[in-house]
Amino acid sequence: MTPILSAQNLHFVYGEKTPYEKHAVTDISFSVMPGEIVGIIGHTGSGKSTLMQLLNGLLKPHSGTVIVDGQNIWQDPKAIRQYRFQVGLVFQYPEYQLFDETVEKDIGFGPKNMGLSEEEIRKRVLRAAEMVEFPPHLLPKSPFDLSGGEKRRAAIAGVIAMEPKVLILDEPTAGLDPKGRQTILDMIRAYNQKTGAAVLFVSHNMEDVAALSQRVLVLSRGKEVLFGTPKEVFSQPDVLQQMSLDVPIATRILDALSQKGYALQKGIYTIPDAAKEIVRFMKEGDRHAQ
Amino acid sequence: MEPIIQINDLEFSYTVEEDATPIPLFQGVSLSIEKGSFTAILGHNGSGKSTLARMLNGMLLPDGGTVTVNGMDTTDQDSQLAIRKTVGLVFQNPDNQIVSSIVEEDVAFGPENLGLPSDEIRKRVDHALQAVDMLSYADHSTNRLSGGQKQRIAIAGVLAMNPSCLVLDEPTAMLDPKGRKEVLDTVRRLNREQGITVVLITHYMEEAALADRCIVMEHGRVLLDGTPNEVFAHRQTLEQTGLTMPAACQLAYELQDMGISLEPFPLTEADCIAALEKTLSK
Amino acid sequence: MLNDITFGQYYPGNGVIHKMDPRAKILFTIAFIVLSFIAGNAVSLLLVTFALGAVILLSRIPLKMYLKTLKPIIPIIILTSIINALYVSSGKVLVEWQFITITSGGLLTAVYMSTRIALLIMCSSMLTYTTTPTQLTDAIERLLSPLKYIKLDVHSLAMMMTIALRFIPTLIEETEKIMSAQKARGADMENGGLLKRIKALIPVLIPLLISSFRRASELADAMECRCYHGGKGRTRIKKLHMGLIDLVSLIALAAVFVGVIFANACLSGVLYSLFIGGVL
């Protein structure tokens with residue numbers, strides 16, 4: 001299978017040749033397969049936001065290439081806009097970018113910029129609204145009259161309506177209450193399963209990353225530190241903690257017990273799995289532990 | 001213990017649009033917050049948490065019932081400044097509560113409004129910055145700080161008025177894990193070391209587990225009220241309202257379902273590790 | 001990009017200039033700018049330049065920081081120089097080519113004018129580098145306070161300035177973010193005619209406006225919670241008082257003033273002929 005999105009040796013520098021020069025992204029390479037969910041973690045200033053904007057051509061790398069569906073996106077700089085439709089980017093707090101008179105028009109902003117017909121726009125708006133479980137009767141309303149959670153979903157629908165091959169979300173659950181967080185996470189999973197689009201999402205919440213992603217990319221100071229399955233990444237808690245990054249609490253608890261001499265398995269990152277491992281250990285002792 | 005804030009039969013309605021019929025939110029809520037306590041208030045958006053916070057210092061006034069702070073009724077115009085000085089409010093977005101471009105000048109804003117003499121303001125500003133561990137940033141620009149630092153400055157700005165109670169409305173919602181920890185550590189320290197009463201409104205169950213008392217609100221009613229242990233024992237009620245539980249509790253419940261019970265029932269990660277160790281060593 | 005604006009930037013420090021009364025600093029800055037425009041010949045202009053040099057030295061802020069502020073106005077300096085050089089005709093004719101005539105007087109005026117603009121910029125950066133925005137607005141509030149007799153709410157005006165200075169960087173950052181977000185949805189802000197570009201700004205301006213209103217209302221709440229109730233009975237952390245430093249600088253300023261007047265009056269003729277005659 002060929003990757004749907006791949007970054008090759010990306011470099012990006014802010015304020016080049018000024019006293020404020022900052023290497024935001026240094027030599028990052030990775031590939032995302034179609035239909036894959038990739039979690040991106042790293043603390044504030046690790047280069048996550050820059051990386052995301054490089055992937056959909058909002059920023060141009062100083063060196064390196066971004067390949068979307070086999071095409072180098074900077075092959076023809078004039079055609080860069082079309083890659084923004086293929087790699088949809090949802091910024092942090094996207095509800096602050098709503099602007100149109102009605103929710104319907106706002107969600108249709110992207111498709112309209114793509115130059116689609118009225119009929120096709122309408123179809124896509126309805127599909128996107130359904131995907132984020134946005135109640136259709138609210139579509140003719142002003143986006144500013146919605147509740148916080150509804151606004152967030154409407155804003156995400158605005159990107160989904162472009163039907164991108166890759167969807168990137170920057171902290172999609174930030175600032176929401178537990179119910180709102182869960183809705184968004186379920187929605188991301190459902191979108192990925194229904195459309196087969198690849199999803200990349202940035203999160204500070206390790207539990208969310210552990211629950212959702214097939215692979216995890218760990219960034220620190222603009223560099224790629226780890227890239228692998230959650231099991232591979234979370235079985236190295238010391239590497240993550242060195243970069244003052246969190247590890248899922250299940251991993252932390254089992255790790256602490258391992259250090260006290262209980263031979264529990266490494267690389268467990270969800271609460272149910274942790275419970276199962278503890279029960280197994282109590283039944284079997286450390287006979288089968290690795 | 002003596003209450004610092006007393007709420008009796010609170011009633012409050014709000015209107016979404018002008019001329020529309022008011023929607024009742026609180027219909028007879030009674031609560032008291034004890035001096036020196038650390039209370040966490042949990043609940044969904046729209047459960048009335050933030051409205052309640054704004055009633056505690058008279059930013060919003062009750063339609064019925066009373067809210068008193070140290071015996072002062074919040075509806076009494078003459079006590080307004082005294083009440084706001086006693087109960088300091090910190091909001092969610094640190095950017096939107098910083099008035100000045102320089103750290104120490106922002107922290108001085110409150111005491112300046114109280115009309116204190118310059119040397120007293122200076123003392124209070126230094127003291128407040130010290131309390132949030134930001135003294136070395138006194139002459140820095142507020143724009144270049146991290147989210148956690150900005151929120152600590154906002155807390156210092158309230159502390160400089162020498163409040164006896166701090167009400168924080170989701171102060172960590174917009175922060176990264178590092179900032180969240182900075183703010184939470186600061187708040188806990190202020191409660192423990194300076195005896196400041198804390199009311200923390202939050203979505204994070206891990207934060208609530210650190211309080212002396214948890215109040216869960218739903219649709220303007222107090223659904224659960226008790227120590228974190230008591231509140232998180234109501235597993236079903238919490239799951240029904242869609243509120244999660246601290247991860248340590250989740251693990252303990254998961255194990256309970258499989259026939260292993262942890263003693264004592266853990267709320268925090270450290271407790272959970274200790275309890276597991278006890279169980280495993282048997 | 002937009003973030004490069006250094007407007008109103010404070011440079012923390014502890015030098016004598018930092019300690020001066022901001023009111024005195026504002027008045028001196030104005031006086032200084034006036035002086036540099038009064039200075040009519042090389043000697044008096046040099047005197048003003050030296051005086052500013054001394055102040056820069058005293059401010060203990062790297063010279064590099066001052067030179068940086070000159071960078072964005074280089075085009076303006078070049079433009080005014082060219083205009084001056086071309087249109088002022090006095091003294092000897094140096095170059096004559098088709099309709100272009102450059103005279104020694106024109107060249108001199110161009111040099112003077114460029115120096116004055118540079119002095120003006122460096123002098124105002126000195127003010128903003130050494131004075132916090134709050135001190136500045138505070139000083140303006142005091143200086144304008146007589147205006148309250150004509151029913152002008154000077155306090156609110158000063159408060160608005162403080163808040164504006166505080167929120168400019170925040171709003172610039174927000175504008176950039178909204179622009180990127182709309183571009184990510186295919187908004188095209190770089191191409192097309194004027195009308196199309198103006199229309200393309202709507203998806204940026206509306207969220208920005210709404211967000212500003214939200215910020216304003218949250219800030220108003222936060223200010224009220226911190227016992228703000230207008231300017232009445234409000235005290236300040238830094239009391240303003242004119243001290244010894246301000247007196248000394250007043251004397252120094254007066255000396256420069258006298259020097260400039262003297263140089264202007266007595267030396268202008270002598271020097272002019274010397275310079276023109278000597279060089280050419």
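Lettering follows sequence order; numbering is per chain, from 1.
With a threshold of 4.5 angstrom between heavy atoms, B:V107 approaches chain C through N, CA, C or O but not through any side-chain atom. Heavy atoms closer than 4.5 Å to chain C are found in the side chain of B:F91, but not in its backbone. Residue B:P163 does not touch chain C at all, counting heavy-atom pairs closer than 4.5 Å. Of the two parts of B:I83, neither the backbone nor the side chain holds a non-hydrogen atom closer than 4.5 Å to a non-hydrogen atom of chain C. With a 4.5 Å cut-off on non-hydrogen atoms, B:S100 touches chain C through its backbone and its side chain both. Looking at B:N143, only its side chain comes within 4.5 Å of chain C, counting heavy atoms on both sides. With a threshold of 4.5 angstrom between heavy atoms, B:V125 approaches chain C through side-chain atoms but not through N, CA, C or O. With a 4.5 angstrom heavy-atom cutoff, B:R54 touches chain C only via side-chain atoms. Residue B:L81 touches chain C through both its backbone and its side chain, counting heavy-atom pairs closer than 4.5 Å. Neither the backbone nor the side chain of B:D119 comes within less than 4.5 Å of any heavy atom of chain C.
With hydrogens and angles left out, the side-chain atoms of C:S211 and C:E174 include a donor and acceptor closer than 3.5 Å. Checked by atom type, the side-chain pair C:S59/C:Y66 shows a donor-acceptor distance below 3.5 Å. B:E182 and B:Q151 are not linked by any side-chain donor-acceptor pair at a separation below 3.5 angstrom, with hydrogens and angles left out of the test.
When C:T170, C:I163, C:L219 are compared by the number of non-hydrogen pairs under 4.5 Å with chain B, C:L219 comes out ahead. Most heavy-atom pairs under 4.5 Å with chain B, from the set C:C227, C:A222, C:P12: that is C:C227. With chain C as the partner, the residue from B:D139, B:D95, B:L89, B:V87 showing the most heavy-atom pairs under 4.5 Å is B:D95. Of the listed residues (B:V99, B:N113, B:D106), the one with the most heavy-atom contacts under 4.5 Å to chain C is B:N113. Between chain C and the options B:I98, B:N93, B:L114, B:L116, the largest number of non-hydrogen pairs under 4.5 Å is found for B:I98.
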Side chain to side chain donor-acceptor pair (under 3.5 Å) evaluation trace for B:R84 with B:N57:
CA-CA 5 Å; B:R84 293 199 178 145; B:N57 75 340; 5.0 Å; no
Side chain to side chain donor-acceptor pair (under 3.5 Å) between C:K25 and C:T131, intermediate numbers included
CA-CA 9 Å; C:K25 271 191 270 187; C:T131 323; 3.2 Å; yes
Should B:E105 and C:Q135 be marked as a side chain to side chain donor-acceptor pair (under 3.5 Å) after you check the CA-CA gap, both sets of side-chain angles, and the distance that decides it?
CA-CA 9 Å; B:E105 287 174 0; C:Q135 280 179 322; 5.2 Å; no
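The only option from C:R234, C:R226, C:K238 that meets the salt bridge (Lys or Arg N to Asp or Glu O under 4.0 Å) definition with B:E112 turns out to be C:R234.
Stacking of B:R180 on the aromatic ring of B:Y204 is recorded, both the 6.0 Å distance cut-off and the 45° axial limit being met.
Note on ring orientation: taking the six-membered ring where Trp is involved, the planes of B:F12 and B:F26 are tilted (angle from 30° to 60°).
Between B:M134 and B:I153 the shortest heavy-atom distance is CE-CD1, 3.8 Å.
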